[in-house]
Peer 1: 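To start, I am sharing the structure in question, which I have written as structure tokens.
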Amino acid sequence: MNFLVSAGSTQAPIDKARSVTTSLPIKIGSLLAQTAAARGHKVTLLSSDPDRAGEGGEGITVVSYRTFDDIATQLQQLVKGGEFDTLFLAAAVGDYISAGVYTAETGTTFNARTRQWESRVPAPTMLDHKPGLSDVTEPEVWVRMVRSPKLVDRVRSQWNYKGLLVKFKTASGIGDQELVEAAEKSRLKSSADMIVVNTWEAAHLWAYFGPVDGRYDRVTRRELAERVVLSVEHVARQARSSAEFRLPSAE
């Protein structure tokens, strides 16, 4: 089979040296790629850390990205231009992207106690902030963040992908039943075939994965990558068997 795996996390640049990034409770993408390659599959790994991703990854083609725009462009090109049987979208794509960095004009201040802007000039005013690497003189800067599109939702609707799609999701502060219900709702929203969902609190211990044969199973962190790859192989075999069963014509 031909797999595309996304791994790592996006960065929202502030300047050339600084960025806001998305943290990960677990790092599963590179392990999925290595597990699939070890089982003889062809793997393309889209990674924010290509040097680390290449460790122990014979048979894996690594494509790098850094920002949301990078991964969005790479995913679109790979999905629309490739012939992938399965997509594992395990990268932590930031929910927000940087839409500008600003400093307050002289006379404009932010009152943290009242959470209001104050100004000695007619109106509070912000200025574009574009420092050099060593030109850090402002006491504070303001980064404007705006919502980013959900790339997984583009896979079917915009990129017309027809293969297997495995989505990854993290939640926090909810119980098992509510977690599985949220996972199924999220899976259906993205038209994904399967989903891996975990909580921040227990991500290093286990995740729920499914639906496989109509159910969700709690899988230990140690077993997760192999279980996901084996399940995809199982679903692909079932699909091939069903197609072969229908092949003979009525003639």
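Below, each value reflects all heavy atoms present in this structure, side chains not excepted, and no hydrogens, waters or symmetry copies. Quick note: residue numbers are just sequence positions, from 1.
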Peer 1: Let me check something: do Leu78 and Phe88 share a hydrophobic cluster, defined by ILVMFWY side-chain heavy atoms less than 4.5 Å apart, either directly or through other members?
Peer 2: no
Peer 1: Evaluate the criterion side chain to side chain contact (heavy atoms under 4.5 Å, CB included) for residue pair Asp70 and Gln11; output intermediate values, then yes/no.
Peer 2: CA-CA 10 Å; Asp70 291 340; Gln11 298 180 29; over 6 Å; no
Peer 1: Does any non-hydrogen side-chain atom of Leu230 lie less than 4.5 Å from one of Arg39?
Peer 2: yes
Peer 1: Does Asp85 use its side chain to pair, donor to acceptor, with the backbone of Asn2 at less than 3.5 Å?
Peer 2: yes
Peer 1: When clusters are formed by joining ILVMFWY residues with side-chain heavy atoms under 4.5 Å apart, either directly or through shared neighbours, do Leu31 and Leu224 land in the same one?
Peer 2: yes
Peer 1: Would you confirm whether Thr108, through its side chain, and Thr125, through its main-chain N or O, come within 3.5 Å as a donor-acceptor pair?
Peer 2: yes
Peer 1: Under the side chain to side chain contact (heavy atoms under 4.5 Å, CB included) criterion, do Leu32 and Val166 qualify, and how do the steps go?
Peer 2: CA-CA 12 Å; Leu32 276 169; Val166 182; over 6 Å; no
Peer 1: What distance do Ser9 atom OG and Phe68 atom CZ have between them, rounded to the nearest 0.5 Å?
Peer 2: 14.0 Å
Peer 1: Would you mind reporting whether Arg221 and His204 have side-chain heavy atoms less than 4.5 Å apart?
Peer 2: no
Peer 1: Does the pair Arg156/Asp193 count as a salt bridge with the N-to-O cut at 4.0 Å?
Peer 2: yes
Peer 1: Do you know which two heavy atoms are closest between Ser119 and Ala123, and how far apart they sit?
Peer 2: OG-O, 3.6 Å
Peer 1: Give a yes or no answer on whether the side chain of Thr22 reaches the backbone of Val93 with a donor-acceptor pair at less than 3.5 Å.
Peer 2: no
Peer 1: Ignoring hydrogens and geometry beyond distance, is a side-chain donor-acceptor pair present between Lys167 and Ser190 at under 3.5 Å?
Peer 2: yes
Peer 1: Check the pair Asn160, Lys80 against side chain to side chain contact (heavy atoms under 4.5 Å, CB included), reporting the backbone distance first and the verdict last.
Peer 2: CA-CA 8 Å; Asn160 200 34; Lys80 296 182 73 172; over 6 Å; no
Peer 1: Are Leu89 and Leu75 packed together at the side-chain level, in the sense that at least one heavy-atom pair is separated by less than 4.5 angstrom?
Peer 2: yes
Peer 1: Which atoms form the tightest heavy-atom contact between Val79 and Leu4, and what is the distance?
Peer 2: CG2-CD2, 4.0 Å
Peer 1: Report the distance from atom CZ of Arg227 to atom OG1 of Thr220, rounding to the nearest 0.5 Å.
Peer 2: 8.0 Å
Peer 1: Distance check, rounded to the nearest 0.5 Å: Ile60 atom CD1 versus Lys42 atom NZ?
Peer 2: 13.5 Å
Peer 1: Just verifying a value: how many Å separate Thr103 OG1 and His129 NE2, rounded to the nearest 0.5 Å?
Peer 2: 6.5 Å
Peer 1: Gln177: which residues meet the side chain to side chain donor-acceptor pair (under 3.5 Å) condition with it, sequence neighbours left out?
Peer 2: Glu181
Peer 1: How many angstroms lie between atom CZ of Phe84 and atom CZ of Phe3, to the nearest 0.5 angstrom?
Peer 2: 11.5 Å
Peer 1: Side chains of Asp217 and Val212: does their closest heavy-atom pair fall under 4.5 Å?
Peer 2: no
Peer 1: Report yes or no: does Ser6 contribute a side-chain atom to a donor-acceptor pair with the main-chain N or O of Ala91 at less than 3.5 Å?
Peer 2: yes
Peer 1: Can any side-chain N or O of Thr21 pair as donor or acceptor with the backbone N or O of Thr10 at less than 3.5 Å?
Peer 2: yes
Peer 1: How close do Ser172 and Glu201 get, counting heavy atoms only, and between which atoms?
Peer 2: OG-OE2, 2.8 Å
Peer 1: For Pro13 versus Ser19, what's the shortest heavy-atom pair and its separation?
Peer 2: CA-CB, 3.8 Å
Peer 1: For side chain to side chain contact (heavy atoms under 4.5 Å, CB included), just list the numbers for Tyr208 and Val219, CA-CA rounded to whole Å, side-chain angles, deciding distance to a tenth of an Å, and then say yes or no.
Peer 2: CA-CA 6 Å; Tyr208 274 97; Val219 184; over 6 Å; no
Peer 1: Should Trp206 and Phe168 be regarded as members of a common hydrophobic cluster, given that ILVMFWY residues are connected when their side-chain heavy atoms come within less than 4.5 Å of each other, either directly or indirectly?
Peer 2: no
Peer 1: Classify the angle between the aromatic ring planes of Trp117 and Trp142 as parallel (below 30°), tilted (30 to 60°) or perpendicular (above 60°).
Peer 2: tilted
Peer 1: Taking the side chain as everything from C-beta on, heavy atoms only, tell me whether Phe110 gets closer than 4.5 Å to Arg115.
Peer 2: yes
Peer 1: For Ala192, is there any backbone N or O sitting under 3.5 Å from a side-chain donor or acceptor partner on Arg187?
Peer 2: yes
Peer 1: Determine, using the 4.5 Å side-chain heavy-atom cutoff (strictly less than), whether Val5 and Leu165 are members of one ILVMFWY cluster.
Peer 2: no
Peer 1: Would you kindly confirm whether Val62 and Leu46 end up in one hydrophobic cluster when ILVMFWY residues are joined by side chain heavy atoms under 4.5 Å apart?
Peer 2: no
Peer 1: With rounding to the nearest 0.5 angstrom, report the CZ to CD distance, Arg120 to Glu105.
Peer 2: 10.5 Å
Peer 1: Would you mind reporting whether Asp213 and His234 have side-chain heavy atoms less than 4.5 Å apart?
Peer 2: yes
Peer 1: For the residue pair Ala183 and Ile195, what are the closest heavy atoms and their distance?
Peer 2: O-CD1, 3.6 Å
Peer 1: Tell me the closest heavy-atom pair linking Ser98 and Met145, and the distance in Å.
Peer 2: CA-SD, 3.9 Å
Peer 1: With sequence neighbours excluded, give me every side-chain hydrogen bond (donor to acceptor under 3.5 Å, both in side chains) pair touching residues 86-96.
Peer 2: Asp95-Lys150
